[in-house]
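Data block below; observations after.
Sequential numbering from 1 along the given sequence is applied to the chain's residues. The basis for the numbers below is simple: all heavy atoms, side chains too, and nothing from hydrogens, waters or symmetry mates.
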Amino acid sequence: MSEQNLALFPLGTVLLPGGRLSLQIFEQRYLSMVRNALKQGDDFGIVLLTSGGEVNRAGAKTRFNEVGVTARIVDWDTLPNGLLGIVVEGQQRFSITDSAQQADGLWRADVDFWEEEDHIALPEDRSDWMALLQQLAEHPHVKRLGVEVETEDASLLSNQLAQLLPIPEQERYELLVLDDPLDRLDAIHELLSQYDD
């Protein structure tokens, strides 16, 4: 495992490798982080908040899960409301070993990167997942994000499904921390079965 120090962006949502999120940036700490990322080509880490808010408030205790994903900016623009809008794509999972908040409010963390998941061909008996992912990819919001869906690699397909399905964020986080894509697909199937009941 390789180690690195990362800027963190604690959010109320989970990013998975191969998934995309659109974000509005307005706090100075994150404007600086994004500017540095664009200038230097650096990634930053997105982690799921467990307490506190996305916006810095005096006296609020910010806590977040220890596993996150590095985010790479793939698009940016000024939004109609005047704010900076970015689209990020998830890259690599990591575990936080130590974290601290800087004077400007930005969190930084020492992290260990997880091993990349192996390419695993999607088993034939799970081909219905391809159809579901392709159906989700037709949604206008997903099209705006520029998601290129993967229908053959079980790792990327399972991550993209987990990213795009409308499920609670804690359940999405539980899918993120599974380190076997076939287990992730099984867990997604179980989740969807619960919603069907």
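A distance-only check finds no donor-acceptor pair linking the side chain of Asp118 to the backbone of Ile120 [under 3.5 Å]. At distances below 3.5 Å, at least one donor-acceptor pair connects side-chain atoms of Thr97 with backbone N or O atoms of Asp110. In terms of modelled atom types and a separation under 3.5 Å, the side chain of Arg172 and the main chain of Val14 share no donor-acceptor contact.
Remark: the Glu66 side chain and the Ser95 side chain contain no N/O donor-acceptor pair separated by less than 3.5 Å.
Using a 4.5 Å cut-off on side-chain heavy atoms (C-beta onward), Leu23 and Leu11 make contact. Side-chain atoms of Leu122 and Leu185, non-hydrogen and from C-beta on, do get closer than 4.5 Å to each other. Within the 4.5 Å cutoff, the side chain of Leu176 has heavy atoms near those of the Pro17 side chain. At least one side-chain heavy atom of Val47 sits less than 4.5 Å from a side-chain heavy atom of Phe94. Annotation: side chain of Gln4 is not in contact with side chain of Thr70 (no heavy-atom distance under 4.5 Å). The shortest distance between side-chain heavy atoms of Ile96 and Phe64 falls below 4.5 Å. Side chains of Val67 and Trp114 form a contact here, defined as non-hydrogen atoms less than 4.5 Å apart. Two residues are said to be in side-chain contact when any heavy atoms from C-beta on lie closer than 4.5 Å; Ile25 and Phe9 meet this criterion.
Summarising the geometry of Leu83 relative to Gln24, their closest heavy-atom pair is CD1-OE1, 3.1 Å, with the distance given to 0.1 Å. In terms of heavy-atom proximity, Pro10 sits nearest to Tyr30 at CD-OH, 3.4 Å. Closest approach of Ser155 and Pro181 over heavy atoms only: CA-CB, 3.5 Å. Residues Val88 and Ala71 approach most closely at CB-CB, 3.9 Å, considering heavy atoms. Between Ala7 and Arg108, the shortest heavy-atom contact is CB-NH1, 3.6 Å. Scanning all heavy atoms of the two residues, the minimum distance from Leu8 to Ala109 falls at CD1-CB, 3.6 Å.
Here the straight-line distance linking atom CG of Leu136 with atom CD of Gln160 works out to 10.0 Å at 0.5 Å rounding. How far CD of Glu116 is from CD of Gln91: 8.5 Å, rounded to the nearest 0.5 Å. Rounding to the nearest 0.5 angstrom, the gap separating the CG atom in Leu21 from the CG atom in Leu145 is 7.5 Å. Atom CZ in Arg35 sits 9.5 Å away from atom CG in Leu84 (nearest 0.5 Å). In this structure, the separation between OG on Ser32 and CG on Leu106 is 8.5 Å, given to the nearest 0.5 Å. Note: Arg29 CZ to Asp104 CG = 8.0 Å, rounded to the nearest 0.5 Å.
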**Prompt:** What's the verdict on side-chain contact (heavy atoms from CB on, under 4.5 Å) for Leu192 and Leu132, showing C-alpha distance, side-chain angles and the deciding distance?
**Reply:** CA-CA 12 Å; Leu192 293 179; Leu132 177 59; 4.0 Å; yes
**Request:** For the pair Gln92 and Asp43, evaluate side chain to side chain donor-acceptor pair (under 3.5 Å) and give the outcome as yes or no after the intermediate values.
**Result:** CA-CA 10 Å; Gln92 193 170 2; Asp43 295 344; over 6 Å; no
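Each of Glu117, Glu174, His189 was evaluated against Arg184; a single residue qualifies, Glu117, per the side chain to side chain donor-acceptor pair (under 3.5 Å) test.
Under the ring-ring contact (aromatic ring centres under 6.0 Å, His included) criterion, Phe44 pairs with no residue at all, not counting sequence neighbours. With sequence neighbours left out, Ala162 forms a side-chain contact (heavy atoms from CB on, under 4.5 Å) with Leu16, Leu175, Ile188. In this structure, the side-chain contact (heavy atoms from CB on, under 4.5 Å) partners of Asn65, at least two apart in sequence or on a different chain, are Leu48, Thr50, Gln170, Tyr173.
Residue-environment remark: CD (Gln135) stays at or below the threshold of 12 foreign heavy atoms within 6.0 Å.
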